[in-house]
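Below you'll find the structure, written out as structure tokens, and then a few comments.
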Amino acid sequence: MQPAAITESRNVMESAAFRLVGRALTCIRGGREIFADLGFSLSAGEALAVTGRNGAGKTSLLRLIGGLLKPAAGTIVLEGSPDESPPAEQAHYLGHRDALKPALSVAENLRFWHAFLGGERDSPPAALAAVGLDHIAHLPAGYLSAGQKRRLSMARLVAVRRPLWLLDEPTSALDTAGQALFATLMTDHLAKGGLIVAATHAPLGIATRELRIGGAA
Amino acid sequence: MQPAAITESRNVMESAAFRLVGRALTCIRGGREIFADLGFSLSAGEALAVTGRNGAGKTSLLRLIGGLLKPAAGTIVLEGSPDESPPAEQAHYLGHRDALKPALSVAENLRFWHAFLGGERDSPPAALAAVGLDHIAHLPAGYLSAGQKRRLSMARLVAVRRPLWLLDEPTSALDTAGQALFATLMTDHLAKGGLIVAATHAPLGIATRELRIGGAA
Amino acid sequence: MTALAALIRRDLRVALRVGGGALIGVLFFLTVVVLMPFALGPDLALLKRLGPAILWLGALLASLLTLDRLFTADHDDGSLDLIVMSRAPLELACAAKAVAHWLAAGVPLIVATPVLGLLLNLDGQATLAVALTLLAGTPALTFTGMIGAALAVTLHRGGLLLAVLVLPLSIPVLIFGVAASNAAIAGPDGFGAPFSILCALSLAGLVIGPVAAAASLRHGLD
Amino acid sequence: MTALAALIRRDLRVALRVGGGALIGVLFFLTVVVLMPFALGPDLALLKRLGPAILWLGALLASLLTLDRLFTADHDDGSLDLIVMSRAPLELACAAKAVAHWLAAGVPLIVATPVLGLLLNLDGQATLAVALTLLAGTPALTFTGMIGAALAVTLHRGGLLLAVLVLPLSIPVLIFGVAASNAAIAGPDGFGAPFSILCALSLAGLVIGPVAAAASLRHGLD
Amino acid sequence: MTLLDLANPTRFLSLTAKVLPWLAAATAILLAVGLYQSAMAPDDYQQGATVKIMFIHVPNAWLAMFVWGVMSLSALGTLVWRHPLADVSAKAAAPIGAAFTFLALVTGSLWGRPMWGTYWEWDARLTSVLILFLMYLGLMALWRAVEDPTRAARAAAVLTLVGAVNLPIIKFSVDWWNTLHQPASVMRMGGSTLDKAFLIPLLTMAVAFSLLFVTLHMAAMRNEILRRRVRSLQMMQAGQQAA
Amino acid sequence: MTLATMLGPYASFIVASYAIVGAIVVALIAWIALDYRTQKARLRELEAGGARRRSGRGVTDIA
Ligand code: HEM
Ligand SMILES: Nc1ncnc2c1ncn2[C@@H]1O[C@H](COP(=O)(O)OP(=O)(O)OP(=O)(O)O)[C@@H](O)[C@H]1O
Ligand SMILES: Nc1ncnc2c1ncn2[C@@H]1O[C@H](COP(=O)(O)OP(=O)(O)OP(=O)(O)O)[C@@H](O)[C@H]1O
Ligand SMILES: [Mg+2]
Ligand SMILES: [Mg+2]
């Protein structure tokens, strides 16, 4: 379907000085206030590790940035974005759920997101190889182990280029080699001027700034 | 529904010298051989950490022990079990999926498993308190964060006593406090003569023997 | 026993709270009945004659609509693993789930019958007879449908394929259900035979359904 | 455009693979039609008269059987988050999903109509007319059903609303569909009016459905 | 050669390779004889030449039911004895059975038009054959829908057995239902006293078609075994590349 | 004497039924024969590619 890699020389991430800024954010879910008056700012090439206890609101913050939740107060903007598009359209979201269809093969799943997400892209087979899944490209995604599913999600980050990565406990289920691989991918992304916001309980293996959300549970 | 705790003084785990033994196990899934000729043995009070790369077959091994997969060859027995019951009926299985109904409240979910699984039990509210979820017992389980869901699954291990725990990456999504809490729970369980088989990529915080599965992906 | 009661209670609670299944069933049932006058034209006598058949068709199709996620929902959230591993025999657990489903989706249909009888111009006694046959026969629909629901887990399949597999299995129930209702309307004589066959089908389903479903679940998990 | 085409292709592929393939749709309608004589009795004249209603009921059932998880499936596996975040307008993405659903569940019915017409003893022209009304009307079923499917995601306890909202919405479609088919069978005169209403319903659905679904998805995610 | 030998697929392959040509030849000869006999058969005083349809209609109808029986036995083999050849046999039989059922329907319809004046009647026997056909198609869809043959085999076995219980019920209930509503408008010659002139070609054709089934079934089973070998080799190659 | 006169007024039905039976049977045979060829070819291809069935797996190897 999507034959070869689209490797333009112009690179959005390099050309613009991105800054992701959240101001005075309040999040209310199910009638309960999760956090209030939260602010942060992140420049191109930086990674932000969002930490906090279970139920503190890390996932909620990522979903706010991705536009999947609306803040009760406050704003989130991606400054320096060339086309005034909302952060969601500049972002990859890697959540707990892998966005895979078990009935489709590994390659089909990736090809779908590759075609659907659009924008600047690399070739799906190369992305599969990058995450070490090329030898099982023909298997139905339903056959994959937990870590293999995670790797397939990671392949999406490689196949489609987006400046902002929103990662929710990205290394869970990955083996040691997988975690190292993922650290390399993130380092590459940052080196190209990308931004990363990652909710995590474990060290990510890259240099990060930390945003600790209070809250309890 | 299930009113109070049933705390008999007789304790199955203490009374019998359990041993979980797997011999010459071969696992075939989807026509592919995952591992072959695997053996292990585990005595009461011991924990076995199953490690290996993504797709090596850790989850598959746990499911074999739990009777959820049939081995292509080999046997798994729980020696010293008082009533000749298969390992599955003596086991708790904590998988990736949390076995929770989002529409039911936290307390209702736990009460259901408490009543359904039967056998020796502790009171559900006490179990909720033990995993630090008592203050949100009335919330629908669908509202929980990833770590809170995991804690609710852990509560099942506490509320219903089973000698054998099968844990698939049990600490994923838990915060530091949660991991420490879980380590305490496991230590208690082992001290009472329980057995633990845990697939994991991260240290569990308890003393374990290790079973490394070869394989790749 | 507590285990099975707990399972029934949980499934009922989920069904009532999520609402979907049972209500879709009843509304679909209603739609089928409402549509008929438009399809048949203003022929009241014909409508009355076809009443039981229409109600039974509605019941059959409605149960099909609500059954397909009976086991898949539990499979998807991991509950099914624990149910299979538990000390309660899987056959009984399957039967318990079927009972809960019937209470949540079958009973509302029977309760709705008198209202729909009005729409179809059935008189009181006829409506009662149809409701009675539904009471005796819908369990059979649930139990045969359950086999399909279990296959859906085994096969990782759903939707129309399952309907195709299950519908032929429920034809006898339909035949005897309609026959018993028609007999009851015509007079009390011919009612006994088809009605007892209907009951027999439900009883047979009570045995075959859970056994077949459990067999298919046991072989099919992975 | 590539994005939407990819979405349609994926949904079609999943539907065909999970549902068992393209032929299953045809088989499903065959099964539903074969069911009818068992309930109504082997009366060819009656079957012929009910033919369009039976076909339309089959269409409604097929779309309901597969519609309820149109968005919930994507929500449960996390795809929906990415679809909402993507650069493709959500309205168009919803429309694409509806198109895929219609292709998988609606088109097989239309293709199968000639076979079923034979079994129901419809003559060639009548069969053609029924197929035509299905072609014009089934999109309306899909598009109204889509609103309910989107609500099911938004309101976690949403099956309830799905049923309450969607089925009444589809009753007019059924009524006009059956009316148009019956008119066509009776003679060419009365066909125009109900048929144009049917087309209007489909067109209105084409606009309202995706917009309403997208609105509900946008506000409802959490 | 014991049954145990046959259980081994490799043994099965080599054995059937020897048997198959003979079976095929016997089938061809018997079919030719049957066709000749039916061509020579006299016209029926009532049905005229259309009675010739009987010689193909009845064998196909018999086989349609017989094949489901074969599949039911295979299903037992799958579920009870876990016999791998039983899966293969069940899967191979389904399309052949469906073809015979289809032919029974078509030839019956073509016979019905001159005899009853209609291609299709919602008659008891006809309807139950149509259901049988639908069940065959459903089963084939099931086999096709699932890539993993062992997994499909068990599901198909459960369904085949439930169908085997169900078919007689349908047949019986439909009979009952027809007599209730209206007397059967079906004119049957009745299997009772068939003239020798018709009986002999009919029986020849029946035997010929049965042989045809055995031959096709055996060949299809061989194909299925090969297909599974291909599959397991492919899987193993994927595994080797992974390692 | 043509076929039609020999078979009476319903010749077309008789011929059609024999023809359809013939066609379907031939199609079945052709399908099975073709299937055999393709499976054989794929097997040869795979074995040429170095894949080898392990011996001693006996009965399970076809599953
Ligand atoms: C679609 C239409 C038809 C179908 C599906 C059908 C089906 C069957 C079946 C299943 C049998 C085997 C029943 C048994 O052995 O118990 C059978 C036998 C037979 N059929 Fe048909 N049939 C059809 C039309 C006809 C017509 C039109 C005629 C002749 C007027 C006919 C004459 C016979 C005869 C003579 C037998 C042999 C009866 C016997 O063995 O006692 N069939 N048919
Ligand atoms: N349902 C299935 N059908 C067929 N093959 C499967 C299925 N599930 C898993 N597999 C395959 O079995 C192998 C082992 O899977 P398993 O889930 O046991 O791995 P794991 O060791 O738990 O990996 P991870 O660390 O990623 O959780 C994988 O290669 C996977 O592709
Ligand atoms: N859908 C929802 N509706 C209402 N409340 C919710 C919902 N999802 C989560 N919450 C609540 O919001 C709070 C924050 O949840 P969130 O998922 O953001 O936590 P988190 O920091 O990601 O926790 P974890 O470390 O466990 O993943 C929790 O207390 C949770 O109960
Ligand atoms: Mg979280
Ligand atoms: Mg695993």
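Computed over heavy atoms, backbone and side chain alike; hydrogens, waters and symmetry mates excluded. Letters A, B, ... are given to chains in the order of the sequence lines, protein chains preceding strands, and every chain is numbered from 1.
In terms of heavy atoms, C:D81 sits closest to B:Y93 at OD2-CE2, 4.0 Å. In terms of heavy atoms, C:R87 sits closest to B:L117 at CD-O, 4.5 Å.
In this structure, no portion of C:L80 lies under 4.5 Å from any heavy atom of chain B. Interface remark: B:L104 contributes backbone and side-chain atoms alike to the contact with chain C (heavy atom separation under 4.5 Å).
Between chain B and the options C:G78, C:S79, C:A73, C:A88, heavy-atom pairs under 4.5 Å are most frequent for C:S79.
Residues C:M85 and B:E89 form no side-chain contact, since every pair of their non-hydrogen atoms from C-beta on lies 4.5 Å or further apart. For the pair B:F116/C:I83, a side-chain contact is recorded, criterion being any heavy-atom separation below 4.5 Å from C-beta on.
With sequence neighbours left out, C:K97 forms a salt bridge (charged side-chain N to carboxylate O under 4.0 Å, His left out) with C:D11, C:D74.
Among B:K149, B:R97, B:K101, the single residue meeting the salt bridge (charged side-chain N to carboxylate O under 4.0 Å, His left out) criterion with C:D77 is B:K101.
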